[in-house]
Amino acid sequence: MRLKGKNIVLGITGSIAAYKAAYLLRALKKEGADVQVIITPAGKEFITPVTLSALSNRPVISEFFSANSGSWNSHVDLGLWADLFVVAPASASTIAKMAHGLADNMLITSYLSTRAKVMVAPAMDLDMFSHPTTVQNIGILKANGHIIIEPASGELASGLIGKGRMEEPEVILEHIVAHFAASQILAGKTVLITAGPTYERIDPVRFIGNHSSGKMGFAIAEQCAQLGAKVVLVAGPVSLPTPQGHIERINVVSAGEMYEAAVSRFNQCHFAIMSAAVADFTPAHSADEKIKRGDADLSVQLKPTKDIAAQLGSLKRNDQILVGFALETQDETNNALNKLSRKNLDFIVLNSLNDTGAGFGGDTNKVTIWHKSGKMWPFELKSKTLVARDIISVLVENMQ
Ligand code: CTP
């Protein structure tokens, strides 16, 4: 009974593989999960709701309204009830609707309302699966942090042979079990994260800042919270909403404020991840009034800010893990490794501005992670959500 107490929505769509969903449903029930089936109108052409409701012990939901009863099915309640939202089989059409929010059936409205992790097991003909549109749509789902269970290769319903056959129910079941087992790996841990830029005040209307969007740090915060951690997110001026979960957000503006917030909270943290792009210099004096335009040259004298990562490195206990970031444009590895030892970090995450798609602003990043032992993990270009997941898995793997 590895899934006892877990609420799972099982979405079934119009595909020959819908019959396999019945096996998956039975396996989920055997493991103790409570399963609510939502079937699309096309799904009902392939498998009858009677079978599914008998196996799940619950009425199968398909329509917005229950026939003759004058009541409606609440997609919001269902979405929030779920601990995991599985779509298996996921047809090309449902994947497209999920990718673009086309909420024309009960499955998609529930999907859009859920806060649970989403797992998708595609099933379609090989040409549909390799069509650029499907590839792009699956890419969107991956970027949204969904788990895609890659279809297997083999003989398809069309008689063609290739990739597109939904993975076997017992394999999907193991993905689901593994997901729940891994999902609370940071329970009981507190993670301090700095994110975003800092603004250093020149006068009441001007500042020195940088292009950091905060997306990388917020994605890390979200991942940590999803894994059961308590997160203290010290955020510079960014316009991002606080991700779901147990996250205490402390908004700061300047490097000095970020330093105070991070240093004061470090003691209670097991991990500290320094993803902020902290200003290295701040005006030595900030003007009380707006500086007026004049004909003469104007120079603003700058003084160095305090290095937050280096300070935490000097305070660090043996049971704390400190992670820094390095954004480099030249001699990347040497510069990163230098920072790793200079700041007494345990890990450094290097992103090079020379890699297309990496760095500030965008939704993707390409990183290499170094451990102080010299061990190194290179990663491909991927969405910041997935990069966050990679970073956390490296930390978790190396947790004593
Ligand atoms: N960092 C910090 N406080 C600062 C400056 C940097 O905590 N005042 C952290 C960053 O969050 C990052 C790491 O230190 O995790 C490296 O930042 P980076 O700006 O690349 O390093 P610097 O020490 O500023 O070196 P340089 O700008 O010369 O490359």
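All values below were derived from every heavy atom in this structure, side-chain atoms included, with hydrogens, water molecules and symmetry-related copies excluded. Atoms within a ligand are numbered from 1 in the order they appear, just like the ligands themselves. Bear in mind that the values here come from a model prediction, so they are computed numbers and not experimental data.
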Starting from [atom], what is the nearest protein heavy atom, named by residue and atom, and what distance separates them?
atom                    : result
atom 13 (C) of ligand 1 : F325 O, 3.1 Å
atom 7 (O) of ligand 1  : A309 N, 2.8 Å
atom 6 (C) of ligand 1  : K343 NZ, 3.6 Å
atom 26 (P) of ligand 1 : K339 NZ, 3.8 Å

If you count the atoms of ligand 1 from 1 in the order shown, which ones are under 4.0 Å from a heavy atom of [X]?
X    : answer
A276 : 10 (C), 11 (O)
K306 : 4 (C), 8 (N)
T305 : 8 (N)
G324 : 15 (O)
D280 : 5 (C), 24 (O), 27 (O)

Just distances here: any N/O of I308 and N/O of ligand 1 closer than 3.5 Å? yes
Any N or O of M274 that comes nearer than 3.5 Å to an N or O of ligand 1? yes
With a cutoff of 4.0 Å, is M258 in contact with ligand 1, counting heavy atoms of the residue only? no
Would Q311 count as a contact residue for ligand 1, given that I'm defining contact as a non-hydrogen atom of the residue lying under 4.0 Å from a ligand atom? no
Given E31, which of R2, K4, K6, R26 fulfils the salt bridge (charged side-chain N to carboxylate O under 4.0 Å, His left out) condition? R2
Taking every non-hydrogen atom, the tightest pair across T198 and A279: OG1-N, 3.0 Å
Measure up the W377 and F347 rings against each other and bin them: parallel (under 30°), tilted (30 to 60°), perpendicular (over 60°). tilted
With the threshold set at 4.0 Å, does a side-chain nitrogen-carboxylate oxygen contact exist between [X] and [Y]?
X    : Y    : value
K303 : E200 : no
E150 : K142 : yes
K372 : D346 : yes

K215: which of N365, D363, T385, T364 passes side chain to side chain donor-acceptor pair (under 3.5 Å): D363
For atom CD of E397, is the number of surrounding heavy atoms from other residues, nucleotides or ligands below 6.0 Å larger than 12? yes
Has F379 got more than 12 heavy atoms of other residues, nucleotides or ligands less than 6.0 Å from its CZ? yes
